[in-house]
Each structure stands twice: as structure tokens, then as C-alpha cells.
Amino acid sequence: MMKDRRKRDVVSWSRFFWCTIFVVFFCVIFSGFTFSTFRFMFGETLHPVVISSLRNPTLEAISGDSTVTPTISIRETVVFPDQAIIFLKYPPSAPLFTKDDLDCVYFPPNSTEPNHKLPPARLDGANPDNQIVRCLLHPRGSTVTVAVKSDDRITPGPIHNWDSLVYGALIDRDNTTIVFVKGLNLRPERLSNPSRFECVYGWDFGRPKFLLRSEVLSIAQEIVRCKTPLSILSSPQRINNSVKVSIRVKGRGILHSVARPETRLESDPPKRKEHEMCVCTMLRNQARFMREWVIYHARIGVERWFIYDNNSDDDIIDVIQLLKDANYNITRRVWPWVKTQEAGFAHCALLARDTCEWIGFIDVDEFFHLPSGLLLYDVLRNQSMPNNVAELRTSCHSFGPSGLEHVPNQGSMVGYTCRLRAPERHKSIVKPEALNSTLINVVHHFHLRGGFEFVNVDSGLMVINHYKYQVWDVFKEKFYRRVATYVSDWQHEENVGSKDRAPGLGTRAVEPLDWSSRFCEVTDTSLKDRVLQIFEDPKTRLLPWQEQQGEQENKFVQKR
């Protein structure tokens with residue numbers, strides 16, 4: 001009996017030992033799985049920030065007596081010289097905030113207590129993973145974050161400075177990743193040595209052991225083309241779960257990044273493009289000129305418009321919606337990155353490549369003028385023979401205020417009729433399929449792949465009327481900032497005598513006494529006459545954009 005009892009005791013202790021091992025092992029596995037899942041879902045650089053408790057019944061998960069409130073996180077903040085761009089990430093099924101729901105909250109230097117609140121300058125986007133809030137930097141030197149008005153509890157999110165940042169990425173149809181970078185300070189229109197750089201993919205760039213590395217295939221200006229790791233290409237969900245891409249400068253380290261590669265573009269080009277002629281532009285606060293620009297160009301053959309909105313705070317969203325309601329094919333893309341026009345145009349060329357045979361890169365104050373009376377389609381067909389012609393370069397005539405002191409009621413094409421005698425430069429219409437893989441572009445023209453050529457279009461066939469020097473109230477808005485990377489801002493004492501500036505104006509937004517009569521060497525009414533012939537209503541004598549433009553002008557005056 002004693003022997004049997006000892007045997008049972010041994011069995012009992014053995015079971016206890018193995019049960020203990022099982023429990024410990026299970027706890028380790030469970031906790032590891034939970035931590036790994038959290039990392040996979042949010043990424044180690046996201047640092048979720050509680051903006052508010054959001055006491056909204058649709059957002060609360062109740063378990064017993066406790067309430068768990070899903071949190072909205074600040075994905076990251078990018079600080080520019082005059083404003084901060086704050087990216088919000090929402091939990092599943094959470095309703096998106098409107099501008100009226102939020103405050104920009106400011107902290108003095110070295111303080112954890114806020115001392116100031118302002119409404120956001122703008123809130124953009126309907127994507128719960130990437131809604132953008134813009135907060136002005138006021139007062140300067142403050143740290144800024146956002147908070148829900150119903151709750152004051154705020155924790156700052158991860159902050160990046162704009163002067164050195166990877167800010168965008170696209171996976172191209174050849175499976176390479178095109179990365180847009182600020183702060184490399186490379187020379188314009190020059191290829192750089194790719195061996196000095198490396199592409200890295202991951203969540204936490206501070207932990208090099210956990211990063212995927214790949215080769216840089218080319219690098220020029222602000223555009224890097226990377227060889228995409230196979231594990232990224234074969235697992236699209238990794239991109240959807242916040243995998244970032246950045247650039248390592250050998251000897252300097254890895255740049256900060258907010259770039260998550262966008263969905264891969266179409267792998268095979270369509271045999272026939274949906275649109276023959278498209279236009280791409282980058283703008284800021286040009287809403288009151290949009291209707292004239294779109295309606296006119298639609299009449300001469302433009303079929304689609306890509307608008308890259310560079311931090312507008314006017315009513316551009318409403319104006320574009322009105323044009324879309326009138327069946328104009330317009331896409332607005334929020335592009336908050338300051339002084340990155342060349343990168344934006346490269347991005348646009350890639351997105352438009354599958355639907356547009358030709359793309360023109362012009363500003364909202366530039367209008368294609370065809371003195372011969374042809375349409376754009378006719379010019380493109382006639383000038384692109386032989387088949388290796390992939391760029392049409394069009395001369396630009398710069399118009400002045402033409403004696404006016406107020407914005408002309410009938411629009412730019414009718415109101416401004418006096419210009420400089422000689423053209424200043426050219427703008428281009430290109431075939432996006434023929435662009436060089438580096439996507440180098442400066443002053444609205446691209447480099448082409450080998451085997452393709454450009455032609456200079458005769459000014460009697462097509463020219464661009466550039467209403468560059470308008471009435472002072474319009475022109476002085478240009479002093480806010482230039483959009484091009486390699487063009488100095490107006491206030492800076494750099495390249496003062498270049499063609500990118502107004503001759504004799506200087507670097508201050510002070511109206512010269514003779515401004516209305518400047519830049520007037522030749523009277524040119526050819527486009528004015530054609531516009532009146534085609535568009536003027538014989539009964540009312542109004543142009544189709546005139547009434548709405550007047551309403552926008554009143555809004556502009558009231559805002560000022």
C-alpha cells in the first residue's frame with residue numbers, strides 16, 4: 001500500500017510540473033503574439049496618441065463594467081516654416097472629424113501645458129488612415145498638436161522637420177519604388193551617384209536589424225528609384241499596415257520618413273488611352289481663375305485635368321465640385337509638400353500615364369492659344385510625326401497688367417492684351433510613356449528616354465499666353481512662396497535678375513507706382529478676339545465663367 005501511495009505522489013508531482021511548463025509556455029507565446037500583432041498593425045514609429053475619449057456610442061466597446069474607447073492617433077506631424085501638417089489615423093468604423101470638431105493646440109517651448117488654441121486652417125481627406133489637418137504656426141516657436149473640442153487631453157505625436165524628409169512613394173509598373181525626398185540638395189537636371197544611397201523598408205528606422213534593404217537604381221533631384229524587395233511585392237497587406245520606405249545616405253544615416261508606398265500602378269499600358277490630351281498643374285489659392293482656365297481648354301481639346309493643391313485655403317474644393325457637376329473630368333489631389341513642383345509633376349505623370357496619351361504641364365495663368373484655329377488634337381497629330389516625337393515645346397508670351405488696376409471682369413484672356421515682345425521660355429506637352437526613368441523635369445519639361453525627340457512648335461501654330469504680370473492685387477500673392485524647388489522665393493536675395501522674377505521689382509511686395517503700365521511692348525488681342533467670338537453670349541454679352549468669377553472676386557475682397 002505504501003508503494004502504491006508513493007507511485008501516486010510521483011505521478012501527481014509530474015503532472016504539476018508539466019502543467020506549470022505548459023502555462024508558462026502559453027503565457028510567453030500569447031504575450032509575444034500580442035506584441036507582434038500590435039507592431040504589425042501600428043508600426044513601431046506610430047506612437048498612438050489619444051486625442052480624446054470620444055464619448056460616441058458608435059465608438060465604445062463595453063465589456064462588463066468597463067468601457068474601452070478606441071483611440072484616434074496622430075500618425076505623424078510634419079513642421080514647415082509657417083504651418084504644421086498633422087496626419088490622423090482612425091480606428092475601424094470611426095466617423096471622420098470635420099474642421100469644426102477640432103482645435104489646433106499650441107504649447108510654449110519646454111512646456112507641457114497648452115497656452116493657445118486656433119481652428120485648423122484646413123482639413124482634407126476622406127481616408128481614415130490618412131486625414132490631414134493643417135495648423136498655422138502661431139505663435140512661432142510653439143509646438144502644435146490637435147485636440148477634439150469636447151476634450152482637452154492632448155499628447156503630442158511624432159514630429160518631423162520638413163528640411164530633411166522622405167515624403168512620398170509609388171510602386172511603378174516595373175515593380176520599382178519611386179521615392180520622393182526633401183533635403184538631399186542635389187543639383188537640378190543632373191544624375192547623382194546611386195551607390196552613395198540605399199533604400200530601406202520597415203516600421204522603425206531606428207532599429208536597422210529589422211529593416212529590408214534594397215538597391216538604389218537611379219537618383220536625381222528629389223526622386224529616387226529603388227529596387228522593391230520581393231517580400232513587399234508579394235505581400236500587399238504589409239503596405240496597407242504602415243510599412244514605410246526611406247533612404248539611407250551612406251555615412252549620414254537614414255532620413256525620417258512619412259512615405260508609405262501607394263498601390264502599384266498598372267503593369268501593362270493599355271493599347272489605347274482613354275484621353276488624348278490632359279493637363280496637370282500645381283496651384284495655391286487660384287480658385288477664382290479655375291473656371292475660365294478649364295472651360296476654355298475644354299473647348300480646344302483638353303479632356304482631363306489633374307490639380308495638385310499645394311495648401312490652398314480658398315474655396316477651391318467648391319469650385320472644382322461645380323466643374324465636376326458640369327461634367328468636366330477633374331481630379332484634385334492634396335499635395336502639401338512645399339517647393340516640390342518638379343516632384344509633383346513627376347508624380348502626376350506616373351498617375352496620368354495609363355489614361356492620357358499626352359499631358360501638358362502649365363499653370364492656371366497660362367493658356368494654350370492656337371492662332372490657326374485648329375484644335376489641340378490636330379496639333380498633336382501633325383507635330384508628332386514621325387512617331388519618335390514625344391515632346392512638343394511651346395513658346396510663352398508674358399503679358400503685363402495692360403493698364404488695368406483691378407481684376408478684369410471678363411477674365412484674363414480678354415482683359416490682358418499687352419505683352420513683352422520676345423517670348424521668355426517654353427512649356428511642354430509630353431507623352432508620359434516616353435519619359436526618362438529618372439523623371440527629371442525642370443521648368444515644366446521632362447527628359448525623354450533614348451530614341452525619342454522633341455520639336456519646337458511654330459508660334460503661328462500654337463503659343464502659350466502667360467498672364468504672368470497681372471494687376472497688383474493678384475500678382476503680389478506670388479510673394480507668398482514659389483512652388484518650384486530650384487527657383488528662389490521672391491523675398492530672397494538670390495537670382496534677382498533671372499527670368500523667374502519680375503524685372504526691376506526687387507524682393508518686397510510693394511507696388512511700384514507704374515506697375516499697371518509695365519511689361520507692355522506689344523498689343524496682342526488675337527486670343528481676346530477668338531474668345532469673344534466663340535464664348536460671348538450674343539444677348540447678355542457675358543462669358544460662361546463671368547458670373548461665377550465675379551462671385552469669387554467678392555469673396556476674395558471680403559477675405560482680405
Side-chain angles (χ1 to χ4, degrees), residues 85 121-127 130-132 134 167-168 170 180 262 274-356 358-368 376 411-412 427-430 432 441 444 446 464 466-467 474 477-478 480-485 545 548-549 552 555-556:
I85 305 294
R122 184 159 226 142
L123 189 147
D124 269 307
N127 184 349
N130 209 32
Q131 192 179 47
I132 299 175
R134 285 202 287 122
Y167 59 90
L170 278 170
F180 302 99
E262 296 183 45
E274 183 180 354
H275 307 296
E276 185 72 16
M277 176 66 187
C278 304
V279 163
C280 179
T281 194
M282 185 176 293
L283 54 77
R284 177 186 175 275
N285 288 351
Q286 298 293 304
R288 58 196 176 127
F289 304 117
M290 285 285 296
R291 281 184 56 84
E292 178 185 10
W293 188 71
V294 170
I295 292 172
Y296 168 76
H297 281 106
R299 186 63 176 265
I300 66 171
V302 174
E303 298 167 331
R304 185 169 181 187
W305 294 258
F306 296 88
I307 310 298
Y308 278 57
D309 185 357
N310 194 213
N311 298 317
S312 295
D313 52 21
D314 58 6
D315 58 343
I316 186 170
I317 296 176
D318 296 336
V319 172
I320 288 178
Q321 188 58 53
L322 287 172
L323 288 166
K324 292 174 73 171
D325 292 343
N327 294 321
Y328 294 99
N329 193 341
I330 302 178
T331 301
R332 171 181 172 263
R333 185 181 187 90
V334 178
W335 187 263
W337 317 116
V338 172
K339 290 185 71 64
T340 59
Q341 186 179 56
E342 295 84 354
F345 281 175
H347 189 280
C348 183
L350 290 171
L351 292 189
R353 182 179 55 190
D354 292 330
T355 57
C356 302
W358 295 88
I359 310 175
F361 294 87
I362 60 174
D363 298 328
V364 178
D365 60 357
E366 296 173 331
F367 293 76
F368 286 111
L376 278 169
S412 299
K427 299 293 175 72
S428 293
I429 304 173
V430 301
N441 66 96
H444 301 213
F446 284 79
I464 288 178
H466 184 185
Y467 301 104
V474 173
E477 291 297 307
K478 292 187 175 184
Y480 179 74
R481 184 186 292 122
R482 312 297 289 274
V483 295
T485 307
W545 52 82
Q548 289 82 355
Q549 182 167 303
Q552 292 170 29
K555 290 181 181 179
F556 177 76

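Count residues from 1 along the sequence. Scope of the values below: all heavy atoms of this structure, side chains included, with no hydrogens, waters or symmetry mates. Computed from a prediction, not measured in an experiment: that's the story for all the values here.
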Contacts of type side-chain hydrogen bond (donor to acceptor under 3.5 Å, both in side chains), residue [X], not counting sequence neighbours:
X    : answer
W335 : T340
T355 : none
Y296 : none

Is the shortest heavy-atom distance from the side chain of [X] to the side chain of [Y] under 4.5 Å?
X    : Y    : result
D314 : V319 : no
F289 : V474 : yes
F367 : H297 : yes
V294 : I320 : no
R291 : L323 : yes
M277 : F368 : yes

task: For F306, enumerate each residue passing the ring-ring contact (aromatic ring centres under 6.0 Å, His included) test, keeping only those at least two apart in sequence or located in another chain.
output: none
field: Residues forming a ring-ring contact (aromatic ring centres under 6.0 Å, His included) with F180, sequence neighbours excluded
entry: H347
For the atom pair [atom1] ([X]) and [atom2] ([Y]), what is the distance rounded to the nearest 0.5 Å?
X    : Y    : atom1 : atom2 : result
C278 : N329 : SG    : CG    : 8.0 Å
D124 : I132 : CG    : CD1   : 6.5 Å
W545 : E292 : CH2   : CD    : 5.0 Å
K339 : M282 : NZ    : CE    : 11.5 Å
N441 : F361 : CG    : CZ    : 7.0 Å
E274 : D354 : CD    : CG    : 11.0 Å

query: Going through the checks in order, is the side chain to side chain contact (heavy atoms under 4.5 Å, CB included) test met by D363 and K427?
result: CA-CA 10 Å; D363 298 328; K427 299 293 175 72; 4.0 Å; yes
Do side-chain atoms of [X] reach the backbone of [Y] as a donor and acceptor pair under 3.5 angstrom?
X    : Y    : result
Y167 : W337 : no
W293 : E366 : yes
T281 : I307 : no

message: If you apply the rule side chain to side chain contact (heavy atoms under 4.5 Å, CB included), what do you find for L123 with Q131, and how did you get there?
response: CA-CA 7 Å; L123 189 147; Q131 192 179 47; 3.0 Å; yes
statement: With sequence neighbours left out, the residues meeting side-chain contact (heavy atoms from CB on, under 4.5 Å) with Q321 are K324, D325
message: Before you tell me yes or no, could you show the steps for L283 and S312 under side chain to side chain contact (heavy atoms under 4.5 Å, CB included), namely the whole-Å CA-CA distance, both residues' side-chain angles and the distance that decides it to 0.1 Å?
response: CA-CA 8 Å; L283 54 77; S312 295; 3.8 Å; yes
Pair listing, salt bridge (charged side-chain N to carboxylate O under 4.0 Å, His left out) test, anchored in residues 296-310, at least two apart: D309-R332
Taking all heavy atoms of [X] and all of [Y], pick out the closest pair and write down the distance.
X    : Y    : answer
P336 : N311 : O-ND2, 3.0 Å
P432 : C356 : CG-O, 3.5 Å
A349 : I359 : CA-CD1, 4.1 Å
C280 : F345 : SG-CD2, 4.0 Å

message: Please determine whether a side-chain nitrogen of the Lys or Arg among R333 and E262 lies less than 4.0 Å from a carboxylate oxygen of the Asp or Glu.
response: yes
